[in-house]
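What follows is one structure encoded as structure tokens, with my remarks underneath.
We name chains A, B, ... by the order of the sequence lines, and we start the count at 1 in each one.
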Protein chains: 4
Amino acid sequence: MKAVVVHAPRDLRIDEVECPAVGPGEVMVRIRAGGICGSDLHYYLHGGFGTVRVQEPMILGHEMAGEVREIGAGVTNLRVGERVVVNPSRACGQCHFCQEGKANHCLDMRFYGSAMRMPHVQGGFREFLVCPAVQAVPVPADLPLEQAVFAEPLSVCLHAARQAGALHGRRVLITGSGPIGALCVLVARHAGAREIVVTDLADAPLAAAKRVGADLALNVATDPEALVPFAADKGCFDVAFEASGAGSALAGALQAVRPGGTIVQVGIASGEATIPLNVLVAKEITLRGTFRFHEEFAWAVFLLATRAVDVMALLTEVVPLADAVRAFDLAADRSRSMKVQLAL
Amino acid sequence: MKAVVVHAPRDLRIDEVECPAVGPGEVMVRIRAGGICGSDLHYYLHGGFGTVRVQEPMILGHEMAGEVREIGAGVTNLRVGERVVVNPSRACGQCHFCQEGKANHCLDMRFYGSAMRMPHVQGGFREFLVCPAVQAVPVPADLPLEQAVFAEPLSVCLHAARQAGALHGRRVLITGSGPIGALCVLVARHAGAREIVVTDLADAPLAAAKRVGADLALNVATDPEALVPFAADKGCFDVAFEASGAGSALAGALQAVRPGGTIVQVGIASGEATIPLNVLVAKEITLRGTFRFHEEFAWAVFLLATRAVDVMALLTEVVPLADAVRAFDLAADRSRSMKVQLAL
Amino acid sequence: MKAVVVHAPRDLRIDEVECPAVGPGEVMVRIRAGGICGSDLHYYLHGGFGTVRVQEPMILGHEMAGEVREIGAGVTNLRVGERVVVNPSRACGQCHFCQEGKANHCLDMRFYGSAMRMPHVQGGFREFLVCPAVQAVPVPADLPLEQAVFAEPLSVCLHAARQAGALHGRRVLITGSGPIGALCVLVARHAGAREIVVTDLADAPLAAAKRVGADLALNVATDPEALVPFAADKGCFDVAFEASGAGSALAGALQAVRPGGTIVQVGIASGEATIPLNVLVAKEITLRGTFRFHEEFAWAVFLLATRAVDVMALLTEVVPLADAVRAFDLAADRSRSMKVQLAL
Amino acid sequence: MKAVVVHAPRDLRIDEVECPAVGPGEVMVRIRAGGICGSDLHYYLHGGFGTVRVQEPMILGHEMAGEVREIGAGVTNLRVGERVVVNPSRACGQCHFCQEGKANHCLDMRFYGSAMRMPHVQGGFREFLVCPAVQAVPVPADLPLEQAVFAEPLSVCLHAARQAGALHGRRVLITGSGPIGALCVLVARHAGAREIVVTDLADAPLAAAKRVGADLALNVATDPEALVPFAADKGCFDVAFEASGAGSALAGALQAVRPGGTIVQVGIASGEATIPLNVLVAKEITLRGTFRFHEEFAWAVFLLATRAVDVMALLTEVVPLADAVRAFDLAADRSRSMKVQLAL
């Protein structure tokens, strides 16, 4: 079968790989749709991020949906032909973090398409994926797979929202309007935020943010002072989601968030950032990281299945597998794309 | 009367200033003891910190205790001769932060010995201070004033502890063992912390930290790897207090704190810090600022008055007013001093 | 001018009362719409509730909207003719609860149409009301006053929602589907609740609950076992709002809420209730009261003004002032009414 | 071997039972000390509590310590002769509550000496107990077993304290001063509570409460109005622990706790209680249950082993196994005893 394999920075190939057998408790999924995510792009463009580097050829992809093709012994909750979206996260269930309910911090995590451990966990941009049945979450037959495959990034943003405490009635700032920032807009709206202001350096992603519910979209490249009015009287936002990973965006958020407010750091970027720690101290701001998700995956599927949220405004293009390199280049160009998907 | 006035960096003088009259609702306090704090040292050594600069001669001091000398009209809760410690913080009570219970973020705060507003709020290192009666908090006649005057920095640390959530049973790291770091040790012990580990770059402050209750004191200058074992399995501390203001200390804390843990940033240092934001994200750490105090002042006085905590191990020397410059130089030398006080 | 005055249980009269003058900082509002609330009904039917009893004739009403007729000296934020909804809550701003941000617990609260203090605070079911300008909150000219007047009960439910923590993605039970219970449905939906189940003893209020967003409406009079499936495996609801004030409803909620879940007690009923404390203990359930509102009033006005919520499905009838007794009798009949309003 | 077996209410026998074999991963402990707890007394006096009834002969006891006599295959963390205290709680580790970090709500819990499931889980008042090695927690050789055996009730109170949020600096009320109430005093003191007031109906337990740190002990039988001054201005306690299980005590706590305060319900008593729900509502009080413990057991052992707390003031008598019935009768007499232990 075919798979999308990164070999080195800028060296992405469609390789022929072997199709694994289905064991007990497992299912084989015919992957149909794959969403390209920021970390896929980091592997493709830079060979990794921070200390995480691609050290052997790795199939990319952790956003994927398809239909069940084969069922292993003992699997009772799925049937052949059923549509599923795959939860890429497999925690061990035994370590002390798993037992505390913090499975996203599992000491033995296997996450599809991640170079965090060696050998790498191969990803899901492939024609057939064999996974534990519990990771294949059924979706209604009438839910298009290009919507279902948003379950993963939506989970990330639902988890980020939980890190912020209640958003209901809050004034929310979102810095960085890529796919994750824009999904944070959509999630904050769904959670009843009172006001949502988004910033970015480019107009195209800001327009997308407005399409999914932002009240105000500010280009801080063309108007670097755009957030200044919001910083009056020590700041007015209750919550910020910093989705750009840029130190300058975080600095801006620290100015515009009110004393006692919370900034959820979603973007990871290159690693280090220089921040005005004195502002964080003087305003007693909470800066909290958010990392992946756990029980939010089922919730994301539920929201998509019931059409409680509409993600389609964020889908730029579905690109055939054969044009995978073009798909990645398109995904890497923020001026032209939000979410790019592969048809596998 | 005499007062300790900073005119410019390294230009500290004992000036003769006028003694104000006592108005209604006010008291005059004969100041006897004044504790030198880190911000006093910043004014003395550098003329300020961050954007806060001394722009006119300013009497220093916001840690002071003495006895009531005169009572204004309408004051009923104090009597002449009573010992008091002065709360240096005067919030307006009217702005929206005051009405929300966040008086330490008051939009019209007057804090003794602070150059944050212009004209500056003159401080308390003077022979006589006239203040609203509500800011003069009585202490028992048998409480030595050199203990009472610890109420202010102790309040800072009690407030910092509140920013961390419950410390009871927690494993606590404290980076930086100056007077504030050491008082954080004492407070964490009082709050029932399970284990307290302290780091610093010098042995003298580490020894002081052990005297007030640290279980383990690590010199990270002589052993830069001292915290590494605590960072195993993603880190073990539930809570850290970063009391040094150094980016490198914060980076160390981010490594040693467990996923979901909290770092309270107490130190302000020069302003900016470069931090490994990816660690904060991947471990979902909460980094929260703490700024001064509010209702904790009365609690600090209570703890000192009832001898629930013992701060005397942190007092280096009481220096006569005439030797104020020597006192400041001593306070600035971490190898020789923890808390230095003036006898006024 | 005319006013709706309760003299004794079942003795409600339209009395002629004097129109007060407008002082500095005050406005006179020509009241046009008044919503009848549960506590109005308690005064009308029983002369009070618990220890709160009508001891002198009292104008009822604390849900009212109208237009500004006259403006006192110094009022700059309102103009004659502007539509306003009146916030019935006037906290002192000075007591320690006000200064802590808990103004709804003010020790010197004046709340329109309440017999909690003596002399009673006269209410707002009258043609002209003079109130501090800050209590008259402007609404857009195109917002019908019968919608604006929902701001008060909506505030109660927004405040109740805050007592529950984040509702986003939560499974929510609401017991009792009167006007408050039904508004809790609407608020929970707006806050992104995942599932909302409502119970009541009558079909009419259950139908109203479905109109404002309930997923499931259960009549526990006709099917007393209706909640049993939800109590399996120690219960499944994360949050419950108990809006009936009935001990049996609270007992049902205790069974159906999951371990560690929260029940917000909104209904006050007669005072005492007998509850299975052992279930609360064994499941570590949080039972928390909610009382009135504070900053939620402005938020409620914002939600109504922006049509973020639609309350009209809950309005039963607008009754002319002359028929006030009929209006109260209608409001007291749960089989025929949800919210009844007076046209004043 | 001998064991203390309840057959029916008031029918407690010392029976000869078979000694089980040690399997892989298990250890055999020679039990030396057993503490009699309130639930043991309920089984002895009433045959159970609430819906939990003794339906077959059951060995009582879930507070026990001894030394390791034999070690099963694969056990590496214990050695023969080592002193241990036994954690009576065995959660399944697999159900969704266990995986959420709420093991005390495990759907398949096995807790020594509990009739909650059928067949009952036999208890630990016996000469030899075979248990999974992970449940036998080592204690230092110099820690007397009569102190070690307090680990279980101390865990209960440490867990209760966690349900209350931070106790540091809080004013705390404890209603009911039996062994659990008195241990709550000790725990609140250890957690840095500012003031601790205890109530009971008898003088002897109040005296014990003072020995372990209560500031004030009030007999509400002889002075039913004793709490009234604390209820002024809507109440002054931040936190209460209701450890009597009596509705009247809970009603008193509701009066004396301040708006927004928390009452942790520790006592279970007979099941139902009649409470003034209107007070809970009007003061927005949080009433939260607490049930057993989980990770607190290791912490309790640590506190006892390091002598951070001193429980000996609560030990009434150590009674030989042969006099078990007398031990139970003594434990049931609040005027003569706090904690009674069996020497096995």
Side-chain angles (χ1 to χ4, degrees), chain A residues 100-101 151 154-172 183-196 212-213 215-216 236 238-239 241 258-260 262 264 284 288 290 293-310, chain C residues 100-101 151 154-172 183-196 212-213 215-216 236 238-239 241 258-260 262 264 284 288 290 293-310:
Chain A
E100 275 176 35
L154 181 56
S155 302
V156 168
C157 297
L158 291 169
H159 185 73
R162 290 231 162 129
Q163 300 292 93
L167 293 176
H168 195 204
R170 301 303 179 194
R171 300 184 73 180
V172 176
L183 283 171
C184 283
V185 170
L186 183 148
V187 164
R189 190 92 281 161
H190 181 256
R194 176 165 173 170
E195 181 185 2
I196 302 174
V212 290
D215 294 300
L216 194 62
C236 67
D238 303 292
V239 172
F241 294 94
R258 74 198 311 270
T262 297
V264 178
E284 298 191 317
R288 179 176 293 142
T290 186
F293 52 85
H294 181 50
E295 74 277 13
E296 292 87 359
F297 195 83
W299 179 21
V301 172
F302 174 84
L303 292 178
L304 292 164
T306 57
R307 270 71 171 182
V309 299
D310 179 4
Chain C
E100 274 176 35
L154 181 57
S155 302
V156 169
C157 297
L158 291 169
H159 185 72
R162 290 231 163 128
Q163 300 293 92
L167 293 176
H168 196 205
R170 301 302 179 197
R171 299 184 74 180
V172 175
L183 281 171
C184 283
V185 170
L186 184 148
V187 164
R189 190 92 283 160
H190 181 256
R194 175 163 173 171
E195 182 184 1
I196 302 174
V212 290
D215 295 301
L216 194 61
C236 68
D238 302 293
V239 172
F241 294 93
R258 74 198 310 270
T262 296
V264 178
E284 299 192 315
R288 178 177 292 143
T290 186
F293 52 85
H294 181 49
E295 73 277 14
E296 292 87 359
F297 195 83
W299 178 22
V301 173
F302 174 84
L303 293 178
L304 293 163
T306 57
R307 272 71 171 182
V309 299
D310 179 5

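Ranked by heavy-atom pairs shorter than 4.5 Å toward chain A, the options C:A308, C:A193, C:A191 are led by C:A191.
The part of C:L158 that comes within reach of chain A is its side chain, from C-beta onward, which places non-hydrogen atoms under 4.5 angstrom from that chain.
Side-chain contact of A:H168 with C:H190: a donor-acceptor pair under 3.5 Å is present, judged by distance alone.
To the nearest 0.5 angstrom, C:D215 atom CG is 9.0 Å from A:T306 atom OG1. Annotation: the span from C:R194 atom CZ to A:W299 atom CH2 amounts to 9.0 Å, rounded to 0.5 Å.
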